[in-house]
Amino acid sequence: MHPITEIQALPQRRYDRLAVSFHWTVFVLVALAYAAIELKGSFARGTPPRALAMAVHEWAGALALVLAVPRLLWRLLRGAPAPEPGARWMQLAGAAMHWVLYLFILAQPLLGLLAMNAGGHLLALPALGIEVPALVAPDPALKDTVKDLHETLGTAFYLVIGLHAMASLFHHYMLGDDTLRRMWR
Ligand code: HEM
Ligand code: HEM
């Protein structure tokens, strides 16, 4: 009954509505975080659009983290439907990939937040006077390490998320099974 094998599978063959909503909301937030940080580079330093792109990046990422916690709990409590019939290695690779993605949506925003705090900045929504308390005190060495990690993971996960998305399209179009449909609605 190890979770990685997804043997604690639900009797039904599809994800429930909450799991589907979590999946696609987090997808949109992660896509927004990526798009904003890419756009940021195209604006000159010190300009308002650049600051806005950074703020969108930080808040989309932070929101992904806020949703990742109940999402993971829901997953651990509820389980997932058994994988579609197919080769055992594919089912195991899919399950391992899913746990890596869960780890990513927890670790990546946390690393971003740590990098900001260690650099002496707070995550803030100035218009509403909201400031997220610092997780760590300013520490330039920690900032460099954590920022490097955040950037490396951010780059690596373009590939990982791409593989995940391609796998689901492969299931849908080549294998013709319900893998994509059961996470759809
Ligand atoms: C799922 C959420 C997130 C993803 C996918 C993500 C991804 C990325 C990527 C791809 C980069 C650029 C790496 C590079 O330049 O090579 C980056 C930079 C950065 N991110 Fe995130 N990030 C996320 C969440 C956050 C959060 C929540 C914060 C802070 C609250 C944050 C703060 C930063 C900072 C400070 C940088 C460096 C920006 C710069 O100096 O240009 N990130 N992130
Ligand atoms: C175009 C983009 C994406 C597509 C087409 C897609 C598709 C899917 C599909 C079809 C499943 C269900 C797999 C199954 O039934 O075994 C799934 C599960 C999952 N996806 Fe995605 N996904 C995408 C993006 C993302 C992103 C950006 C993340 C997070 C960074 C993510 C995280 C997950 C996780 C954690 C699961 C496992 C759900 C569980 O079993 O609890 N996905 N995805």
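Hydrogens, waters and symmetry mates are skipped; everything else that's a heavy atom, side chains included, is used. Every number for a ligand or one of its atoms is a count from 1 in the order of the listing.
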Minimum distance, heavy atoms only, to atom 35 (C) of ligand 1: which one of H150, K147, H57, M54 is it? M54
Provide, to 0.1 Å, the distance between [atom] and the closest protein heavy atom, together with that atom's residue and name.
atom                    : value
atom 13 (C) of ligand 1 : E151 CG, 3.5 Å
atom 3 (C) of ligand 1  : Q108 CG, 3.6 Å
atom 39 (C) of ligand 1 : K40 NZ, 3.1 Å
atom 12 (C) of ligand 1 : I37 CG1, 3.8 Å

Taking the side chain as C-beta and beyond, is there a heavy-atom pair between [X] and [Y] under 4.5 Å?
X    : Y    : answer
L101 : I105 : no
H23  : R71  : yes
F43  : M54  : no
R182 : E84  : yes
S168 : M183 : no
Y34  : I161 : yes
L110 : L135 : yes

At less than 4.0 angstrom from any non-hydrogen atom of [X], what atoms of ligand 1 do you find?
X    : result
A62  : 27 (C)
G61  : 2 (C), 24 (C), 27 (C)
M116 : 29 (C), 30 (C)

Nearest heavy-atom pair of [X] and [Y]: which atoms, and what distance?
X    : Y    : answer
V56  : A36  : CG1-CB, 3.8 Å
P109 : F104 : CD-O, 3.7 Å
P138 : G120 : CG-CA, 3.9 Å

Under 2.8 Å from atom 21 (Fe) of ligand 2, is there any N, O or S atom belonging to H23? yes
Atom name of the N, O or S atom in H164 that lies nearest to atom 21 (Fe) of ligand 2: NE2
Out of curiosity, does [Y] fall in the hydrophobic cluster containing [X] (side-chain heavy atoms, cut-off under 4.5 Å, transitive links)?
X    : Y    : answer
V20  : V28  : yes
L32  : I37  : no
F170 : L163 : no

Ignoring angles and geometry beyond distance, decide whether [X] reaches within less than 3.5 Å of ligand 1 through its nitrogen or oxygen atoms.
X    : value
Y34  : no
Y158 : no
E58  : no

Would you check whether W24 has a nitrogen or oxygen atom less than 3.5 angstrom from a nitrogen or oxygen atom of ligand 2? no
Got an N/O contact under 3.5 Å between Y15 and ligand 2? yes
Would you say R71 contacts ligand 2, with heavy atoms under 4.0 Å as the rule? yes
I'd like to know if V26 contacts ligand 2, where contact means a heavy-atom distance under 4.0 Å to any ligand atom. no
Intermediate values then yes/no, side-chain hydrogen bond (donor to acceptor under 3.5 Å, both in side chains), Q108 and H150: CA-CA 6 Å; Q108 182 67 354; H150 182 74; 3.3 Å; yes
Which atoms of ligand 2 have any heavy atom of [X] under 4.0 Å away?
X    : answer
I105 : 29 (C), 30 (C)
F27  : 1 (C), 2 (C), 24 (C), 27 (C)
I161 : 27 (C)
R75  : 39 (C), 40 (O), 41 (O)

Tell me, please: is [X] in heavy-atom contact with ligand 1, that is, under 4.0 Å?
X    : answer
A64  : no
E38  : no
H121 : no

Hey, is L113 touching ligand 1 through its side chain, its backbone, both or neither, going by heavy atoms under 4.0 Å? both
For ligand 2, the portion of M166 having any non-hydrogen atom under 4.0 Å away: neither
Side chain, backbone, both or neither: which applies to R182 and ligand 2 if a contact is any heavy-atom pair less than 4.0 Å apart? side chain
Could you label the plane-to-plane angle of the F27 and W24 rings as parallel, tilted or perpendicular, counting under 30° as parallel and over 60° as perpendicular? perpendicular
Crowding at OH, Y158 (>12 non-hydrogen neighbours, <6.0 Å): yes
